[in-house]
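These notes concern the structure reproduced below.
Protein chains get the first letters and strands the later ones, always in sequence-line order, with residue 1 at the start of each.
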There are 2 protein chains.
Amino acid sequence: MLQRRIDDHAPPSREDMREAQEIFYKHLKRVGLKHTEQRDTILRTFLETRDHLSTDELFRLARKKDAKIGFTTVYRTLKLLAECGLASEVAFHDGVARYEHQFNRRSHHHMVCTDCGLSVEFFSPEVGKLEEEIGRKYHFDATRHTFQIYGVCEDCRKKPSRKLI
Amino acid sequence: MLQRRIDDHAPPSREDMREAQEIFYKHLKRVGLKHTEQRDTILRTFLETRDHLSTDELFRLARKKDAKIGFTTVYRTLKLLAECGLASEVAFHDGVARYEHQFNRRSHHHMVCTDCGLSVEFFSPEVGKLEEEIGRKYHFDATRHTFQIYGVCEDCRKKPSRKLI
DNA sequence: ATTGAAAATGAAATTCATTTTCAATTAGAA
DNA sequence: TTCTAATTGAAAATGAATTTCATTTTCAAT
(Lines give C-alpha, C1' and ligand atoms only; values in the text may rest on other atoms or scores of the structure.)
Protein backbone atom coordinates (compact mmCIF):
# COMPACT_ATOMS: atom_id res chain seq x y z
CA MET A 1 0.00 0.00 0.00
CA LEU A 2 1.23 3.40 -0.98
CA GLN A 3 2.56 5.39 1.95
CA ARG A 4 2.68 9.09 1.47
CA ARG A 5 2.20 11.34 4.41
CA ILE A 6 1.93 14.89 5.49
CA ASP A 7 3.19 15.87 8.90
CA ASP A 8 5.14 18.44 10.79
CA HIS A 9 7.57 16.91 13.25
CA ALA A 10 11.30 16.28 13.30
CA PRO A 11 12.97 12.85 13.55
CA PRO A 12 14.30 11.92 17.00
CA SER A 13 17.64 13.40 18.04
CA ARG A 14 20.68 11.41 19.14
CA GLU A 15 19.65 11.81 22.79
CA ASP A 16 16.07 10.84 22.04
CA MET A 17 17.41 7.68 20.46
CA ARG A 18 19.50 6.88 23.52
CA GLU A 19 16.57 7.50 25.83
CA ALA A 20 14.35 5.18 23.79
CA GLN A 21 17.00 2.48 23.92
CA GLU A 22 17.20 2.84 27.67
CA ILE A 23 13.42 2.48 27.97
CA PHE A 24 13.59 -0.62 25.83
CA TYR A 25 16.44 -2.22 27.75
CA LYS A 26 14.77 -1.55 31.06
CA HIS A 27 11.62 -3.15 29.76
CA LEU A 28 13.55 -6.19 28.60
CA LYS A 29 15.21 -6.54 31.96
CA ARG A 30 11.92 -6.10 33.76
CA VAL A 31 10.26 -8.99 31.91
CA GLY A 32 13.39 -11.15 32.03
CA LEU A 33 14.41 -10.88 28.39
CA LYS A 34 17.78 -10.39 26.84
CA HIS A 35 19.50 -7.57 25.06
CA THR A 36 20.45 -8.61 21.57
CA GLU A 37 22.10 -7.16 18.52
CA GLN A 38 18.96 -7.72 16.42
CA ARG A 39 16.61 -6.02 18.85
CA ASP A 40 18.97 -3.11 18.91
CA THR A 41 19.09 -2.82 15.13
CA ILE A 42 15.34 -3.12 14.86
CA LEU A 43 14.68 -0.42 17.43
CA ARG A 44 17.20 1.90 15.78
CA THR A 45 15.71 1.33 12.36
CA PHE A 46 12.22 1.89 13.67
CA LEU A 47 13.08 5.16 15.36
CA GLU A 48 14.74 6.47 12.23
CA THR A 49 11.56 6.17 10.23
CA ARG A 50 8.80 8.71 10.19
CA ASP A 51 6.20 6.50 8.58
CA HIS A 52 3.49 4.14 9.67
CA LEU A 53 5.30 0.90 9.09
CA SER A 54 3.96 -2.57 8.63
CA THR A 55 6.00 -5.41 10.08
CA ASP A 56 7.13 -6.31 6.60
CA GLU A 57 8.23 -2.77 5.79
CA LEU A 58 10.26 -2.55 8.97
CA PHE A 59 11.70 -5.97 8.24
CA ARG A 60 12.93 -4.78 4.84
CA LEU A 61 14.52 -1.69 6.34
CA ALA A 62 16.17 -3.59 9.18
CA ARG A 63 17.52 -6.17 6.77
CA LYS A 64 19.45 -3.45 4.99
CA LYS A 65 21.44 -2.92 8.17
CA ASP A 66 21.79 -6.57 9.04
CA ALA A 67 21.05 -9.04 6.29
CA LYS A 68 20.44 -11.91 8.67
CA ILE A 69 17.61 -10.35 10.64
CA GLY A 70 14.48 -12.42 10.18
CA PHE A 71 10.89 -11.36 9.74
CA THR A 72 9.85 -13.19 12.88
CA THR A 73 12.28 -11.27 15.03
CA VAL A 74 11.00 -7.98 13.68
CA TYR A 75 7.45 -9.14 14.33
CA ARG A 76 8.26 -10.06 17.91
CA THR A 77 10.35 -7.00 18.59
CA LEU A 78 7.56 -4.74 17.39
CA LYS A 79 5.30 -6.36 19.98
CA LEU A 80 7.90 -5.72 22.67
CA LEU A 81 8.21 -2.11 21.59
CA ALA A 82 4.46 -1.72 21.76
CA GLU A 83 4.49 -3.26 25.24
CA CYS A 84 6.81 -0.62 26.61
CA GLY A 85 5.09 2.23 24.80
CA LEU A 86 7.76 2.96 22.22
CA ALA A 87 5.56 1.78 19.37
CA SER A 88 1.87 2.03 18.96
CA GLU A 89 -0.38 0.33 16.51
CA VAL A 90 -2.26 2.47 14.02
CA ALA A 91 -5.09 0.70 12.24
CA PHE A 92 -5.78 2.07 8.79
CA HIS A 93 -8.20 -0.76 8.08
CA ASP A 94 -6.46 -1.95 4.97
CA GLY A 95 -5.83 -5.34 6.50
CA VAL A 96 -2.26 -4.64 7.60
CA ALA A 97 -1.12 -3.78 11.11
CA ARG A 98 0.99 -0.66 11.16
CA TYR A 99 3.10 0.87 13.87
CA GLU A 100 4.53 4.28 14.52
CA HIS A 101 7.01 5.31 17.15
CA GLN A 102 5.74 7.45 19.93
CA PHE A 103 8.97 9.20 20.65
CA ASN A 104 8.85 12.92 21.07
CA ARG A 105 5.47 13.21 19.48
CA ARG A 106 2.30 14.98 20.46
CA SER A 107 -0.80 12.82 20.57
CA HIS A 108 -2.30 12.89 17.12
CA HIS A 109 -4.70 11.18 14.78
CA HIS A 110 -4.83 10.32 11.11
CA MET A 111 -6.95 11.13 8.14
CA VAL A 112 -6.48 8.62 5.35
CA CYS A 113 -7.28 8.93 1.65
CA THR A 114 -9.21 5.84 0.59
CA ASP A 115 -8.00 6.29 -2.95
CA CYS A 116 -4.23 6.78 -2.76
CA GLY A 117 -3.48 5.97 0.88
CA LEU A 118 -2.16 9.43 1.70
CA SER A 119 -2.27 9.97 5.44
CA VAL A 120 -2.46 13.33 7.10
CA GLU A 121 -1.76 13.80 10.77
CA PHE A 122 -3.91 16.12 12.78
CA PHE A 123 -4.09 17.10 16.41
CA SER A 124 -7.25 17.24 18.41
CA PRO A 125 -7.09 17.38 22.19
CA GLU A 126 -10.89 17.04 22.34
CA VAL A 127 -10.60 13.39 21.41
CA GLY A 128 -8.47 12.59 24.42
CA LYS A 129 -10.88 14.40 26.68
CA LEU A 130 -13.75 12.46 25.20
CA GLU A 131 -11.99 9.20 25.96
CA GLU A 132 -11.64 10.17 29.60
CA GLU A 133 -15.17 11.47 29.86
CA ILE A 134 -16.89 8.46 28.28
CA GLY A 135 -14.73 6.08 30.28
CA ARG A 136 -15.78 7.75 33.50
CA LYS A 137 -19.43 7.72 32.52
CA TYR A 138 -19.55 3.97 31.86
CA HIS A 139 -17.07 3.00 34.57
CA PHE A 140 -14.41 1.81 32.17
CA ASP A 141 -10.75 2.14 32.87
CA ALA A 142 -10.15 3.67 29.43
CA THR A 143 -6.60 3.12 28.25
CA ARG A 144 -6.56 4.08 24.58
CA HIS A 145 -8.66 4.95 21.60
CA THR A 146 -8.54 4.93 17.84
CA PHE A 147 -9.78 7.74 15.71
CA GLN A 148 -9.36 7.92 11.98
CA ILE A 149 -11.10 9.93 9.32
CA TYR A 150 -11.47 8.48 5.84
CA GLY A 151 -12.11 10.40 2.69
CA VAL A 152 -10.70 11.40 -0.66
CA CYS A 153 -7.85 13.87 -0.87
CA GLU A 154 -7.76 16.88 -3.15
CA ASP A 155 -5.47 15.26 -5.73
CA CYS A 156 -7.54 12.12 -6.02
CA ARG A 157 -10.74 14.05 -6.55
CA LYS A 158 -9.16 15.37 -9.75
CA LYS A 159 -7.87 12.00 -10.97
CA PRO A 160 -9.66 8.99 -12.45
CA SER A 161 -10.40 6.93 -9.34
CA ARG A 162 -8.93 3.61 -8.29
CA LYS A 163 -9.89 2.02 -4.98
CA LEU A 164 -7.10 0.78 -2.74
CA ILE A 165 -8.69 0.58 0.69
CA MET B 1 -15.00 -13.69 20.64
CA LEU B 2 -17.44 -12.98 23.41
CA GLN B 3 -20.12 -10.52 22.40
CA ARG B 4 -21.92 -8.84 25.21
CA ARG B 5 -23.22 -5.35 24.75
CA ILE B 6 -24.98 -2.53 26.44
CA ASP B 7 -27.27 -0.32 24.42
CA ASP B 8 -30.58 1.42 24.44
CA HIS B 9 -32.43 0.93 21.19
CA ALA B 10 -35.25 -1.26 19.97
CA PRO B 11 -35.04 -3.82 17.15
CA PRO B 12 -36.48 -2.67 13.80
CA SER B 13 -40.25 -2.81 13.41
CA ARG B 14 -42.12 -4.68 10.69
CA GLU B 15 -42.27 -1.51 8.60
CA ASP B 16 -38.60 -0.75 9.17
CA MET B 17 -37.84 -4.22 7.87
CA ARG B 18 -39.92 -3.64 4.77
CA GLU B 19 -38.27 -0.31 4.14
CA ALA B 20 -34.81 -1.83 4.45
CA GLN B 21 -35.77 -4.56 1.99
CA GLU B 22 -36.94 -1.95 -0.46
CA ILE B 23 -33.65 -0.08 -0.17
CA PHE B 24 -31.81 -3.31 -0.79
CA TYR B 25 -33.89 -4.34 -3.80
CA LYS B 26 -33.56 -0.92 -5.35
CA HIS B 27 -29.83 -1.10 -4.89
CA LEU B 28 -29.73 -4.53 -6.52
CA LYS B 29 -31.73 -3.28 -9.47
CA ARG B 30 -29.55 -0.20 -9.77
CA VAL B 31 -26.37 -2.22 -10.09
CA GLY B 32 -27.99 -4.89 -12.27
CA LEU B 33 -28.11 -7.70 -9.73
CA LYS B 34 -30.88 -10.12 -9.00
CA HIS B 35 -33.30 -10.62 -6.16
CA THR B 36 -32.76 -14.01 -4.59
CA GLU B 37 -34.17 -16.04 -1.77
CA GLN B 38 -30.78 -16.21 -0.07
CA ARG B 39 -30.17 -12.50 -0.15
CA ASP B 40 -33.58 -12.00 1.32
CA THR B 41 -32.99 -14.40 4.16
CA ILE B 42 -29.60 -12.92 4.91
CA LEU B 43 -30.95 -9.37 5.07
CA ARG B 44 -33.82 -10.43 7.30
CA THR B 45 -31.51 -12.30 9.62
CA PHE B 46 -29.12 -9.39 9.77
CA LEU B 47 -31.82 -6.88 10.63
CA GLU B 48 -33.17 -9.08 13.40
CA THR B 49 -29.87 -8.98 15.25
CA ARG B 50 -28.76 -6.24 17.53
CA ASP B 51 -25.13 -7.28 17.71
CA HIS B 52 -21.94 -6.51 15.89
CA LEU B 53 -21.76 -9.58 13.74
CA SER B 54 -18.84 -11.15 11.99
CA THR B 55 -19.51 -12.76 8.61
CA ASP B 56 -19.26 -16.14 10.22
CA GLU B 57 -21.70 -15.29 12.99
CA LEU B 58 -24.26 -14.02 10.50
CA PHE B 59 -23.66 -17.11 8.40
CA ARG B 60 -24.48 -19.35 11.35
CA LEU B 61 -27.67 -17.43 12.08
CA ALA B 62 -28.80 -17.39 8.45
CA ARG B 63 -28.15 -21.09 8.13
CA LYS B 64 -30.70 -21.73 10.84
CA LYS B 65 -33.35 -20.28 8.54
CA ASP B 66 -32.07 -21.92 5.38
CA ALA B 67 -29.62 -24.74 5.81
CA LYS B 68 -28.26 -24.47 2.29
CA ILE B 69 -27.07 -20.89 2.51
CA GLY B 70 -23.32 -20.79 2.05
CA PHE B 71 -20.72 -18.72 3.80
CA THR B 72 -19.67 -17.11 0.53
CA THR B 73 -23.14 -15.80 -0.14
CA VAL B 74 -23.34 -14.25 3.30
CA TYR B 75 -19.94 -12.72 2.76
CA ARG B 76 -20.99 -11.22 -0.57
CA THR B 77 -24.38 -10.08 0.65
CA LEU B 78 -22.82 -8.27 3.57
CA LYS B 79 -20.70 -6.33 1.09
CA LEU B 80 -23.83 -5.45 -0.88
CA LEU B 81 -25.59 -4.32 2.27
CA ALA B 82 -22.63 -2.15 3.16
CA GLU B 83 -22.71 -0.68 -0.36
CA CYS B 84 -26.24 0.56 0.02
CA GLY B 85 -25.75 1.79 3.57
CA LEU B 86 -27.78 -0.88 5.37
CA ALA B 87 -24.70 -2.36 7.00
CA SER B 88 -21.59 -0.67 8.20
CA GLU B 89 -18.33 -2.12 9.26
CA VAL B 90 -17.22 -1.67 12.83
CA ALA B 91 -13.58 -2.46 13.48
CA PHE B 92 -12.92 -3.70 16.98
CA HIS B 93 -9.36 -4.60 16.04
CA ASP B 94 -9.60 -8.17 17.16
CA GLY B 95 -8.78 -9.43 13.68
CA VAL B 96 -12.37 -10.01 12.59
CA ALA B 97 -14.51 -7.70 10.46
CA ARG B 98 -17.81 -6.94 12.11
CA TYR B 99 -20.96 -5.33 10.79
CA GLU B 100 -23.96 -3.70 12.34
CA HIS B 101 -27.16 -2.60 10.69
CA GLN B 102 -27.76 1.08 10.40
CA PHE B 103 -31.50 0.95 10.42
CA ASN B 104 -33.27 3.42 12.61
CA ARG B 105 -30.19 4.17 14.62
CA ARG B 106 -28.55 7.35 15.75
CA SER B 107 -24.90 7.75 14.84
CA HIS B 108 -22.90 6.21 17.64
CA HIS B 109 -19.52 4.89 18.67
CA HIS B 110 -18.22 2.00 20.71
CA MET B 111 -16.17 1.48 23.79
CA VAL B 112 -14.76 -2.03 23.99
CA CYS B 113 -13.45 -3.96 26.97
CA THR B 114 -10.11 -5.48 26.01
CA ASP B 115 -10.60 -8.20 28.57
CA CYS B 116 -14.07 -9.62 27.99
CA GLY B 117 -15.09 -7.98 24.72
CA LEU B 118 -18.05 -6.15 26.21
CA SER B 119 -19.02 -3.27 23.96
CA VAL B 120 -20.83 -0.18 25.09
CA GLU B 121 -22.42 2.22 22.66
CA PHE B 122 -22.15 5.90 23.25
CA PHE B 123 -23.26 8.98 21.36
CA SER B 124 -21.04 11.92 20.70
CA PRO B 125 -22.04 14.48 18.10
CA GLU B 126 -18.68 16.23 18.57
CA VAL B 127 -16.94 13.45 16.70
CA GLY B 128 -19.01 14.01 13.57
CA LYS B 129 -18.31 17.71 13.73
CA LEU B 130 -14.63 17.02 14.07
CA GLU B 131 -14.70 14.88 10.93
CA GLU B 132 -16.21 17.70 8.96
CA GLU B 133 -13.89 20.31 10.41
CA ILE B 134 -10.65 18.40 9.84
CA GLY B 135 -11.75 17.39 6.35
CA ARG B 136 -12.33 21.01 5.45
CA LYS B 137 -9.02 22.08 6.90
CA TYR B 138 -6.97 19.60 4.85
CA HIS B 139 -9.16 19.69 1.76
CA PHE B 140 -10.35 16.13 2.08
CA ASP B 141 -13.77 15.02 1.04
CA ALA B 142 -14.31 13.27 4.38
CA THR B 143 -16.81 10.44 4.10
CA ARG B 144 -16.57 8.49 7.32
CA HIS B 145 -14.57 7.97 10.45
CA THR B 146 -13.91 5.36 13.08
CA PHE B 147 -13.74 6.06 16.75
CA GLN B 148 -13.39 3.44 19.41
CA ILE B 149 -12.32 3.61 23.00
CA TYR B 150 -10.57 0.63 24.57
CA GLY B 151 -10.27 -0.11 28.22
CA VAL B 152 -11.25 -2.50 30.97
CA CYS B 153 -14.81 -2.65 32.19
CA GLU B 154 -15.87 -2.56 35.81
CA ASP B 155 -16.48 -6.30 36.05
CA CYS B 156 -13.13 -7.24 34.57
CA ARG B 157 -11.25 -4.99 36.91
CA LYS B 158 -12.53 -7.19 39.74
CA LYS B 159 -11.74 -10.50 38.06
CA PRO B 160 -8.46 -12.33 37.43
CA SER B 161 -7.49 -11.03 33.98
CA ARG B 162 -7.42 -12.89 30.70
CA LYS B 163 -6.55 -11.11 27.48
CA LEU B 164 -8.89 -11.60 24.54
CA ILE B 165 -8.20 -8.64 22.27
C1' DA C 1 37.60 -17.17 30.46
C1' DT C 2 34.27 -21.13 30.79
C1' DT C 3 30.04 -23.14 31.41
C1' DG C 4 25.29 -24.08 31.07
C1' DA C 5 20.55 -22.87 31.42
C1' DA C 6 17.38 -19.92 29.58
C1' DA C 7 16.22 -17.04 25.96
C1' DA C 8 16.52 -15.65 21.08
C1' DT C 9 16.64 -16.45 16.41
C1' DG C 10 14.76 -17.31 11.86
C1' DA C 11 13.18 -20.49 8.36
C1' DA C 12 9.44 -23.01 7.71
C1' DA C 13 4.99 -24.48 8.84
C1' DT C 14 0.51 -23.34 10.54
C1' DT C 15 -3.52 -20.82 11.40
C1' DC C 16 -7.36 -18.39 10.18
C1' DA C 17 -10.18 -14.76 8.15
C1' DT C 18 -10.92 -13.18 3.77
C1' DT C 19 -11.33 -13.49 -1.11
C1' DT C 20 -11.44 -15.83 -5.59
C1' DT C 21 -12.51 -19.57 -8.72
C1' DC C 22 -15.50 -22.36 -11.19
C1' DA C 23 -19.00 -25.66 -12.47
C1' DA C 24 -23.75 -26.12 -11.65
C1' DT C 25 -28.03 -23.69 -10.78
C1' DT C 26 -31.38 -19.97 -10.93
C1' DA C 27 -33.62 -15.47 -11.97
C1' DG C 28 -36.04 -12.85 -14.92
C1' DA C 29 -36.34 -10.41 -19.42
C1' DA C 30 -37.73 -11.29 -24.03
C1' DT D 1 -40.82 -21.16 -22.54
C1' DT D 2 -36.21 -19.94 -23.70
C1' DC D 3 -31.97 -17.87 -23.22
C1' DT D 4 -28.47 -15.33 -21.11
C1' DA D 5 -26.40 -13.29 -17.43
C1' DA D 6 -26.16 -13.50 -12.62
C1' DT D 7 -25.95 -16.46 -8.51
C1' DT D 8 -24.58 -19.95 -5.67
C1' DG D 9 -21.58 -22.51 -2.65
C1' DA D 10 -17.88 -25.81 -2.17
C1' DA D 11 -13.33 -25.76 -2.57
C1' DA D 12 -9.13 -23.60 -3.39
C1' DA D 13 -6.24 -19.56 -2.96
C1' DT D 14 -4.54 -15.76 -0.66
C1' DG D 15 -2.06 -13.32 2.63
C1' DA D 16 -1.17 -11.49 7.13
C1' DA D 17 -0.38 -13.05 11.67
C1' DT D 18 1.37 -16.45 14.63
C1' DT D 19 3.65 -20.71 16.19
C1' DT D 20 7.05 -24.33 15.96
C1' DC D 21 11.44 -26.06 16.53
C1' DA D 22 16.30 -26.93 15.76
C1' DT D 23 20.12 -24.04 16.21
C1' DT D 24 22.52 -20.16 18.11
C1' DT D 25 23.36 -16.59 21.48
C1' DT D 26 23.21 -14.18 25.86
C1' DC D 27 24.59 -13.64 30.43
C1' DA D 28 24.95 -14.93 35.23
C1' DA D 29 27.46 -17.98 37.91
C1' DT D 30 31.41 -20.13 38.26
Which pairs of donor and acceptor atoms, one on a side chain in residues 66-86 of chain B, lie under 3.5 Å apart (sequence neighbours left out)?
from	atom 1	to	atom 2	distance (Å)
B:Asp66	OD1	B:Lys68	N	3.1
B:Asp66	OD1	B:Lys68	NZ	3.3
B:Thr77	OG1	B:Thr73	O	2.7
B:Glu83	OE1	B:His27	NE2	2.9

B:Arg39 side chain near C:dA27 phosphate (N/O to OP1/OP2, under 4.0 Å) =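 Looking at the OP1 and OP2 atoms of C:dA27, neither is under 4.0 Å from any side-chain N or O of B:Arg39.
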Whole Å only: how far is the [atom1] atom of [X] from the [atom2] atom of [N]?
X	N	atom1	atom2	value
B:Arg63	D:dG9	CZ	P	12 Å
B:Ile69	C:dT25	CD1	C1'	15 Å
B:Lys68	D:dT8	NZ	P	11 Å
A:Asp94	D:dT14	CG	C1'	16 Å
B:Asp66	D:dT7	CG	C1'	14 Å
A:Phe59	C:dT9	CZ	P	14 Å
A:Leu78	C:dT9	CG	C1'	16 Å

Mapping B:Ser54 and A:Leu80 onto DNA chain C by nearest heavy atom, which one lands closer to the 5' end?
-> A:Leu80
Any strand is fair game: report the nucleotide pairing with [N] by Watson-Crick or G-U wobble, both distances under 3.5 Å, or none.
N	value
C:dA13	D:dT18
C:dA30	D:dT1
D:dT30	C:dA1

Could you walk me through whether A:Glu131 and A:Arg136 pass salt bridge (Lys or Arg N to Asp or Glu O under 4.0 Å), step by step?
-> CA-CA 9 Å; A:Glu131 172 185 317; A:Arg136 197 163 348 104; over 6 Å; no
Are [X] and [Y] packed together at the side-chain level, in the sense that at least one heavy-atom pair is separated by less than 4.5 angstrom?
X	Y	result
B:Leu33	B:Arg39	yes
B:Phe147	A:His145	yes
B:His93	B:Gln148	yes

Are side-chain N/O atoms of B:Glu89 and B:His52 paired as donor and acceptor at under 3.5 Å?
->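 Judged by distance alone, the side chains do not pair up.
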With B for base contact, S for sugar-phosphate-only contact and - for none (protein heavy atoms under 4.0 Å), nucleotides 18-30 of chain D reads BBB-----BS---
Residues at least two apart in sequence or cross-chain that pass side-chain hydrogen bond (donor to acceptor under 3.5 Å, both in side chains) with B:Arg60, listed by chain then number, are B:Asp56
